[in-house]
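Below is one structure, written out as structure tokens; comments come after it.
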Amino acid sequence: MSPARPRLAGLDIFRGLAVAGMILVNTPGSWSHLWWPLDHAEWHGWTPTDLVFPAFLFAVGVALALSFPRKIDGAIWLKIARRTVLLIAIGWGLQLLARPEFATFRFPGVLQRIGLCYALAASIAILTASRQMEGRRALGPAAILTTALAALLLYWALLAFVPVPGHGAGQLSPEGNLTGFVDRAVFTTAHIWRGGTDAAGNVVYDPEGLLSTISALANVLFGMLAAIAWQREPARATLRIALAGAALVAVGLLLHPILPINKKLWTSSFAIFTSGASALLLAFCMAATRKGVPRLLAPLHMLGMNAILGYILSVLVGIAGFRLFVGGRSVQDWGFARLSALIPDPYAASFAYALIALALVLAALVPFHRRGIHLRL
């Protein structure tokens, strides 16, 4: 067999880990009882939870690059547009299911950001690809790296030098940063994340807003570079990806005192740091599957092969948790109460509820996986 099998298995397990992390973070038994690793940093800094979404974007870049070299024609542009629209539409649909109120409908979101980043990265890949035989094109790593660095520098410059009315330039507070100002101007505060508040409780920012998409794009582009490294020299790719990841983590940490690592603003230092962490995790997954998928990792492999469907199911499980009721209490409250009766530590009981949600998603994916049904947008 060709070495594609370990590569694809490693990517699927990496993607499965990202989705599993999303499920554990988004479906606790109680939002008041979150272990610190399963909660986002309050503002500057990071926790393991802050690495989850960037890892998924990194995986998008890896998968995108693995589809090259390819022929470029009008059909590929239609495919990119279709996939982007579907991702955004599904994100909006899930948002309406969670809160069917148009007056406070949130326009940004996780799937919306994935869709925008995918569209931008795919366009960059095509426009910078080099021509090969028979009309096919190959990715240009130098152009991709240059674009990633340009995006990071551009976003840093915007945050540092463009003044926000009433606050000035270079402010990275919840109410004074440029990213939040743009979202308030474009969407209004009624249509961004309700949890993005300042100290006074005013809604002022969205963690998946428009302007920070510039920096998030770099996570996808770094993922593409990892895939290119594997395609060029599979035997040494794992080590090289790991070394590159360690270097990016170091750069991100070194920049932190100057430009704080901040997930909610998706600062350039955050994009660099999380891309490095993603590369390290991908290298580990590739090494773990060099001789095939270990039985212990099979559930993650299955989840990674159906990542979008798994994420959608997890959101539906979360919606059911607070929309459905048992004995006058939401399923989430009822389930947390039952688990608390068995597990004295409320934080452990809350985590146990999230594990049950993950198990439900995995069980729902089994029949699809056995029939070879994997959602491809």
Side-chain angles (χ1 to χ4, degrees), residues 1-27 35 37-38 48-49 51-67 222-223 226-246 249 274-314 317 351-352 354-376:
M1 298 294 292
S2 72
R5 181 179 174 184
R7 173 200 68 189
L8 292 175
L11 172 59
D12 284 329
I13 290 174
F14 171 75
R15 195 159 41 198
L17 280 169
V19 177
M22 286 184 178
I23 296 172
L24 294 177
V25 168
N26 294 334
T27 54
W35 274 333
L38 297 177
T49 293
L51 307 179
V52 173
F53 189 18
F56 198 93
L57 289 177
F58 191 90
V60 169
V62 176
L64 177 61
L66 291 178
S67 66
F222 280 124
I228 293 172
W230 185 91
Q231 288 175 319
R232 290 196 165 184
E233 199 168 0
R236 299 183 181 180
T238 301
L239 178 59
R240 290 181 176 179
I241 291 171
L243 291 174
V249 167
T274 55
S275 294
S278 298
L280 286 169
L281 183 56
L282 175 63
F284 171 80
C285 292
M286 292 171 66
T289 56
R290 191 177 299 276
K291 297 181 180 180
V293 179
R295 185 172 299 179
L296 185 64
L297 299 179
L300 292 175
H301 184 239
M302 177 185 68
L303 183 57
M305 292 180 71
N306 232 333
I308 292 296
L309 180 56
Y311 175 76
I312 292 172
L313 289 173
S314 73
V317 169
F351 180 58
L355 287 174
I356 292 172
L358 175 58
L360 287 174
V361 172
L362 290 171
L365 289 178
V366 169
F368 293 95
H369 185 69
R370 287 178 176 174
R371 292 172 173 80
I373 300 173
H374 302 108
L375 181 61
R376 298 285 188 269

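Small disclaimer: the values here were computed from a predicted structure and weren't measured.
Annotation: ring-ring contact (aromatic ring centres under 6.0 Å, His included) contacts of Phe53 (sequence neighbours excluded): Trp266. Phe284 is linked by a ring-ring contact (aromatic ring centres under 6.0 Å, His included) to nothing, counting only residues two or more places apart in sequence or in another chain. The side chain to side chain contact (heavy atoms under 4.5 Å, CB included) check on Arg295 picks up nothing, with sequence neighbours excluded. Residues satisfying the side chain to side chain contact (heavy atoms under 4.5 Å, CB included) criterion with Thr274, sequence neighbours excluded, are Leu51, Pro54, Asn219, Phe270. For the side chain to side chain contact (heavy atoms under 4.5 Å, CB included) test, residues two or more places apart in sequence or in another chain that qualify with Val52 are Met22.
Scanning both residues, Thr289 and Pro294, for their nearest heavy atoms gives CG2-CD, 4.3 Å. Closest approach of Val249 to Gly276, counting heavy atoms only: CG2-C, 3.5 Å. Residue Tyr311 comes nearest to Val19 through the heavy atom pair N-CG1, 4.1 Å, listed as atom of the first residue, atom of the second, then distance. Of all the heavy atoms in Val361 and Gly310, the pair that sits closest is CG1-O, 3.6 Å. Nearest heavy-atom pair across Pro37 and Thr49 is O-OG1, 2.5 Å. Considering all non-hydrogen atoms of both residues, Ala226 and Phe58 come closest at CB-CZ, 3.8 Å.
Between Trp35 and Phe351, the two ring planes are tilted [angle within 30° to 60°].
Side chain of Arg232 to backbone of Ile228: no donor-acceptor contact under 3.5 angstrom is found.
Listed by first and then second residue, the side chain to side chain donor-acceptor pair (under 3.5 Å) pairs that reach into residues 278-287 come to none, sequence neighbours excluded. Listed by first and then second residue, the salt bridge (Lys or Arg N to Asp or Glu O under 4.0 Å) pairs involving residues 13-27 are Asp12-Arg15 (not counting sequence neighbours).
Distance check: Ile308 CD1 to Leu313 CG gives 11.5 Å after rounding to the nearest 0.5 Å. Note that CG of Leu11 and CE of Met286 are 9.0 Å apart. Values are rounded to the nearest 0.5 Å. Rounded to the nearest 0.5 angstrom, Leu360 CG and Ser314 OG are separated by 11.0 Å.
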Would you mind writing out the side-chain donor-acceptor pairs for residues 235-243 within the sub-3.5 Å range, not counting sequence neighbours?
| unit_1 | atom_1 | unit_2 | atom_2 | d |
| --- | --- | --- | --- | --- |
| Arg236 | NE | Glu233 | OE2 | 3.4 |
| Thr238 | OG1 | Arg290 | NH2 | 3.3 |
| Arg240 | NH1 | Glu233 | OE1 | 2.9 |
| Arg240 | NH2 | Glu233 | OE1 | 3.4 |

Side-chain atoms of residues 297-307: list all donor-acceptor pairs with protein atoms under 3.5 Å, sequence neighbours left out, distances to 0.1 Å.
| unit_1 | atom_1 | unit_2 | atom_2 | d |
| --- | --- | --- | --- | --- |
| Asn306 | OD1 | Leu375 | N | 2.7 |
| Asn306 | ND2 | Ile373 | O | 2.9 |

